[in-house]
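Contents: one structure, followed by commentary.
As the structure lists them, so they are numbered: ligands from 1, and atoms in each ligand from 1.
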Amino acid sequence: MNNIKDRIEKHPCYCAEAHLKYARIHLPVAPKCNIQCNYCNRKYDCSNESRPGVTSKLLTPEEALERLKYVDNEMSNLSVVGIAGPGDPLANAKKTFETLKMAKEYKPELKLCLSTNGLLLEEHIDEIKNLNIEHITVTVNTINPKTALKIYNWFRIDGKRYKDLEGAKIFIKRQREGIKKLVQNDIIVKINTVLIPEINSSEISEISFTIKKLGVFIHNILPLISKPEYGTVFGMNNVREPSQDELDKARNDSASQMGGFSFVMRHCKQCRADAIGMLGDDQSQKFQNKEATLKSNDRNT
Ligand code: CLF
Ligand code: SF4
């Protein structure tokens, strides 16, 4: 990887120092998903990054570009444009790539980012490369098909819906092949893992070891958020959230495989699919209120 330090120094998620200086915008253009995670209620944003229970209003690519321009004019430290839902960006490839292409044409110095479950990475590697999407997050919760069956309800692969070990094996293999392709193409890869007590908590070292060997840059371990009111399978079946001690242990396990805490993200805010601003200071509601006021003023003139 060339000049990795220079390439991440303005990315608030990949570089801990950068999150104190730089902002990102998520453009919510991707509604569909091709798998079903048991910690996700599809009424809400993709829980692989976002908090369950948060809903983002969907935008068309054109509306997304308008929002980007408006926010960029108001926010001098905006450095990253990301797509993180509300579903899986690559299950909505046309809208995702159209939006990122327009964003890059609008301002080439903005870095492009997306977060995916990884199922369709190989299929879209050429578009990812051609658009110069430099940062990609893949959610890898397990590398064991039997564990995957406890975490995912189904996978839709090549038009067929799988609920069995065969589907889990194909899913894990495609994730792995996709990650390899990203690394071969010099894309900086982050892996998100949702820490689920008693289900994948004993597998964190193994996941970190495997992704490190594949050339992944950073591992982000997020705590499961599981409340009955979110209507997720885990929430309704009392699958519990990890304690802070369990989360710390998982991150320590990861750091010992990844080569230290520079390669384990600890400042993630599990933000919304329409998040705007610095990681600790989401301004999406403020900007959406301004957007609504501007539109209503337009209508009245
Ligand atoms: Fe967005 Fe994700 Fe890109 Fe960051 S978020 S697509 S890598 S620009 Fe960041 Fe938010 Fe955590 Fe994600 S704090 S949920 S890690
Ligand atoms: Fe939900 Fe994201 Fe999982 Fe799809 S990949 S089911 S949107 S958490």
Less than 3.5 Å apart, any donor N or O on the side chain of Q244 or D248 sitting next to an acceptor on the other?
yes
Suppose we measure from atom 8 (S) of ligand 2 to each protein heavy atom; which comes out shortest, and what is that distance?
S47 N, 3.2 Å
Identify the protein heavy atom lying closest to atom 2 (Fe) of ligand 1, giving its residue, its atom name and the separation to 0.1 Å.
E49 OE1, 2.5 Å
What are the atoms of ligand 2, with element, lying closer than 4.0 Å to any heavy atom of I35?
4 (Fe), 5 (S), 6 (S)
Heteroatom N/O/S of C33 within less than 2.8 Å of atom 4 (Fe) of ligand 2
yes
Which atoms of ligand 2 have any heavy atom of N117 under 4.0 Å away?
5 (S)
Pairwise side-chain contact, H135 with V80, heavy-atom cut-off 4.5 Å (strictly under):
no
Salt bridge flag under 4.0 Å for residues R240 and E246
yes
Please tell me whether D282 and S284 have a donor and an acceptor in their side chains that are separated by less than 3.5 angstrom.
yes
Residue and atom name of the nearest protein heavy atom (relative to atom 1 (Fe) of ligand 1), distance in Å to one decimal
H26 NE2, 2.1 Å
Got a salt bridge between K101 and E105, using NZ or NE/NH1/NH2 to carboxylate O under 4.0 Å?
yes
Ligand-side contact atoms (ligand 1) for residue partner C271, heavy atom cut-off under 4.0 Å
5 (S), 10 (Fe), 13 (S), 14 (S)
Could you tell me whether a side-chain N or O of N92 sits under 3.5 Å from a main-chain N or O of K32, the two making a donor and an acceptor?
yes
Counting heavy atoms under 4.0 Å, the part of N48 that contacts ligand 2 is both
Nearest to atom 1 (Fe) of ligand 2, what protein heavy atom do you find, and at what distance?
C40 SG, 2.3 Å
Should you measure from each heavy atom of K269, which atoms of ligand 1 turn up under 4.0 Å away?
11 (Fe), 13 (S)
Run through L27, L78, V71, D281 and flag the one making a side chain to side chain contact (heavy atoms under 4.5 Å, CB included) with I276.
V71
Begin with the C-alpha distance, continue with both residues' side-chain angles, and end with the deciding distance and a verdict on salt bridge (charged side-chain N to carboxylate O under 4.0 Å, His left out) for K180 and E122.
CA-CA 9 Å; K180 273 193 207 163; E122 269 190 288; over 6 Å; no
Taking atom types as modelled and ignoring hydrogens, do the side chains of T116 and D88 form a donor-acceptor contact shorter than 3.5 angstrom?
yes
Less than 4.0 Å is my threshold; does some heavy atom of H135 fall inside it relative to ligand 1?
no
For atom 11 (Fe) of ligand 1, what's the nearest protein heavy atom and its distance?
C268 SG, 2.3 Å
If we only count heavy atoms from C-beta on, is the K104 to L131 side-chain gap below 4.5 Å?
no
Would you find a donor on one side and an acceptor on the other, under 3.5 Å apart, between the side chain of S79 and the backbone of K10?
yes
Among all protein heavy atoms, pick out the one at the shortest distance from atom 4 (Fe) of ligand 1; state its residue, atom name and that distance to 0.1 Å.
C13 SG, 2.3 Å
At a 4.0 Å threshold, what atoms of ligand 1 neighbour a non-hydrogen atom of L279?
13 (S)
If the cut-off is 4.0 Å to any non-hydrogen atom of T137, which atoms of ligand 1 fall inside it?
7 (S)
Closest approach of any protein heavy atom to atom 3 (Fe) of ligand 2, naming residue and atom:
C37 SG, 2.3 Å
Mind checking whether H267 has a heavy atom under 4.0 Å from ligand 1?
no
What atoms in ligand 1 come closer than 4.0 Å to a heavy atom of K190?
7 (S), 15 (S)
Ligand 1 contact by M265, heavy-atom criterion under 4.0 angstrom:
yes
Using side-chain heavy atoms (C-beta onward) and a distance below 4.5 Å, is K107 in contact with L68?
no
Under a plain distance cut-off of 3.5 Å, with no hydrogens placed, do N117 and N34 share a side-chain donor-acceptor pair?
yes
If the cut-off is 4.0 Å to any non-hydrogen atom of C113, which atoms of ligand 1 fall inside it?
3 (Fe), 6 (S), 7 (S), 8 (S)
What protein heavy atom is closest to atom 2 (Fe) of ligand 2, reported as residue, atom name and distance in Å?
C46 SG, 2.2 Å
